[in-house]
Amino acid sequence: MGTVVDAPAVDQNASDNILGEKKVTVVFVLGGPGSGKGTQCANIVEHFGFTHLSAGDLLRAEIKSGSENGAMIQNMIKEGKIVPSEVTIKLLQRAMLESDNDKFLIDGFPRNEENRAAFERVTKILPEFVLFFDCSEEEMERRLLNRNQGRDDDNIDTIRKRFKVFVESSIPVVEYYDSKGRVKKIDAAKPVDAVFEDVKSIFSSFSAVEAK
Ligand SMILES: Nc1ncnc2c1ncn2[C@@H]1O[C@H](COP(=O)(O)OP(=O)(O)OP(=O)(O)O)[C@@H](O)[C@H]1O
Ligand SMILES: Nc1ccn([C@@H]2O[C@H](COP(=O)(O)O)[C@@H](O)[C@H]2O)c(=O)n1
Ligand SMILES: [Mg+2]
């Protein structure tokens, strides 16, 4: 069950834990741009009753809401850069608090060391595990250029920037969790259904949602 952080670097008595007493199970879903995180999260929601929180989707919603941070976020996304942690963590915390669920897939977060350390410090939550979608850049590029969802960052210039940020900033986060034995790696180059078969076996300890 939702693992309140026990690492010494985290002050568990700090009063800034906005989640308060709410105990949650968190799975971080990481992988390169276009590796299929959102696609598989939708399957996990349907089969295992998690709530899907995509950091990118929350940031895009923040732009649309007319927030004072909107222009800054829009510019960062266009450049493939990572938005300051305090902005993204506030959005994630708000979404977790507003939800009745206690099981969350946090997709596309933490994207860098700053994201990771700030989330632990503020929420005191450690992920149950990290689901890591492993896919070649060639395949990810093909998928992004065919996605057709009107995203500002699905153009070849921004895609290349996002790949660079992924390699330089996000892979080290995966390596950090791997060194703690918390990474479950999936071959994400397979077709969607085959990827989900592998995902299902990782989630087998969670109860399946009953068919309606
Ligand atoms: N296993 C797969 N095989 C082929 N196409 C896939 C696969 N998984 C997802 N796709 C397609 O690739 C595109 C990107 O998938 P998705 O949006 O799930 O990726 P993502 O990891 O969430 O990307 P981003 O980080 O940019 O949000 C979508 O058009 C999706 O339909
Ligand atoms: N933790 C994060 C997550 C995302 N971003 C920004 O959003 C862009 C799109 O993210 P997707 O997961 O939907 O691909 C990403 O390239 C970043 O600009 C972020 O800053 N921090
Ligand atoms: Mg996505």
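In what follows, every heavy atom counts, from backbone to side chain, and hydrogens, waters and symmetry copies are set aside. If you're wondering where the values come from, they're calculated on a predicted model, not measured in any experiment. Every number for a ligand or one of its atoms is a count from 1 in the order of the listing.
Ranking protein heavy atoms by distance to atom 31 (O) of ligand 1, first place goes to Thr39 OG1, 4.2 Å. Nearest non-hydrogen protein atom to atom 3 (C) of ligand 2 is Gly108 O, 3.2 Å. Protein heavy atom in closest approach to atom 14 (O) of ligand 2: Arg151 NH2, 2.9 Å. Scanning the protein for heavy atoms near atom 5 (N) of ligand 2, the closest one is Leu59 CD1, 3.4 Å. Ile77 CG1, 3.6 Å is the protein heavy atom nearest to atom 7 (O) of ligand 2. Closest to atom 17 (C) of ligand 2 among all protein heavy atoms lies Lys81 O, 3.2 Å. For atom 20 (O) of ligand 2, the nearest non-hydrogen atom of the protein is Val83 N, 2.6 Å. The closest protein non-hydrogen atom to atom 22 (O) of ligand 1 is Gly38 N, 3.0 Å. Nearest to atom 16 (O) of ligand 2 among the protein's heavy atoms is Arg111 NH2, 3.8 Å.
Polar contact with ligand 1: present for Gly36 (N/O pair, distance under 3.5 Å). Residue Arg60 has at least one N or O atom closer than 3.5 Å to an N or O atom of ligand 2. In terms of N/O distances under 3.5 Å, ligand 1 is approached by Gly34. Of the polar atoms of Asp107, none of the N or O atoms is found under 3.5 Å from an N or O of ligand 1, judged by distance alone. Residue Arg162 places at least one N or O, backbone or side chain, under 3.5 Å from an N or O of ligand 1. Between Val195 and ligand 1, a contact under 3.5 Å exists for no N or O pair. The shortest N or O to N or O distance between Arg147 and ligand 1 is under 3.5 Å.
Interface atoms of ligand 2 facing Gly56, defined by a heavy-atom separation under 4.0 Å, are 10 (O), 13 (O). Of all the atoms in ligand 2, the ones that sit under 4.0 Å from a non-hydrogen atom of Arg162 are 14 (O). Contact atoms of ligand 1 toward Pro33: 25 (O) (distance under 4.0 Å to a heavy atom of the residue). In summary, the atoms of ligand 2 found under 4.0 Å from a heavy atom of Ile82, numbered by their order in the structure, are 20 (O), 21 (N). Listed by atom number, the atoms of ligand 2 under 4.0 Å from Met76 heavy atoms are 18 (O). Per-residue contacts place Ser35 under 4.0 angstrom from the following atoms of ligand 1 (heavy atoms of the residue considered): 21 (O). Counting atoms of ligand 2 from 1 in the listed order, those under 4.0 Å from a heavy atom of Asp153 are 9 (C). Ligand-side atoms of ligand 2 in range of Asn115: 1 (N), range being under 4.0 angstrom from any heavy atom.
Ligand 1 lies within reach of Lys190, whose nearest heavy atom is under 4.0 Å from it.
In this structure, Asn146 contributes its side chain and Arg142 its backbone to a donor-acceptor pair below 3.5 Å. Lys37 contributes a side-chain N or O that, together with a main-chain N or O of Gly32, makes up a donor-acceptor pair within less than 3.5 Å. In terms of modelled atom types and a separation under 3.5 Å, the side chain of Arg111 and the main chain of Ser169 share no donor-acceptor contact. The closest donor-acceptor contact from the side chain of Ser99 to the backbone of Met96 lies at 3.5 Å or more, if one exists at all.
Interatomic distance, CZ of Phe109 versus CZ of Arg116, reported as 10.5 Å (0.5 Å rounding). One finds the CZ atom of Arg151 at 9.5 Å from the CD1 atom of Ile159 (value rounded to the nearest 0.5 Å). Here the straight-line distance linking atom CD1 of Ile63 with atom CE of Met72 works out to 9.5 Å at 0.5 Å rounding.
Across all their heavy atoms, Cys135 and Met140 have their closest contact at O-CE, 3.6 Å. Counting all heavy atoms, side chain and backbone alike, Leu126 lies closest to Arg182 at CD1-NH2, 3.9 Å. The two residues Asn155 and Lys78 come nearest to each other via the heavy atoms ND2-CE, 4.2 Å.
Between Phe48 and Phe203, the ring centre distance stays below 6.0 Å.
In summary, the side chains of Ser67 and Glu62 do present a donor paired with an acceptor at a separation below 3.5 Å, with no hydrogens or angles considered.
When non-hydrogen atoms are compared, ligand 1 lies under 4.0 Å from the backbone of Pro191 (N, CA, C, O) but not from its side chain. Contacts of Leu144 with ligand 1, taken as heavy-atom pairs under 4.0 Å, involve the side chain alone.
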Applying side-chain contact (heavy atoms from CB on, under 4.5 Å), run through Ile44 and Val27 and close with a yes or a no. CA-CA 11 Å; Ile44 299 166; Val27 173; over 6 Å; no

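In this structure, of Arg142, Arg151, Arg143, Lys37, the residue bringing a heavy atom nearest to atom 6 (C) of ligand 1 is Arg143.
Asp134 pairs by the side chain to side chain donor-acceptor pair (under 3.5 Å) definition with nothing, not counting sequence neighbours.
With Phe28 as the partner, the side chain to side chain contact (heavy atoms under 4.5 Å, CB included) test is satisfied by one option alone out of Phe132, Phe129, Phe119: Phe119.
By the 4.5 Å heavy-atom criterion applied to side chains, Glu141 and Ile156 are counted as neighbours.
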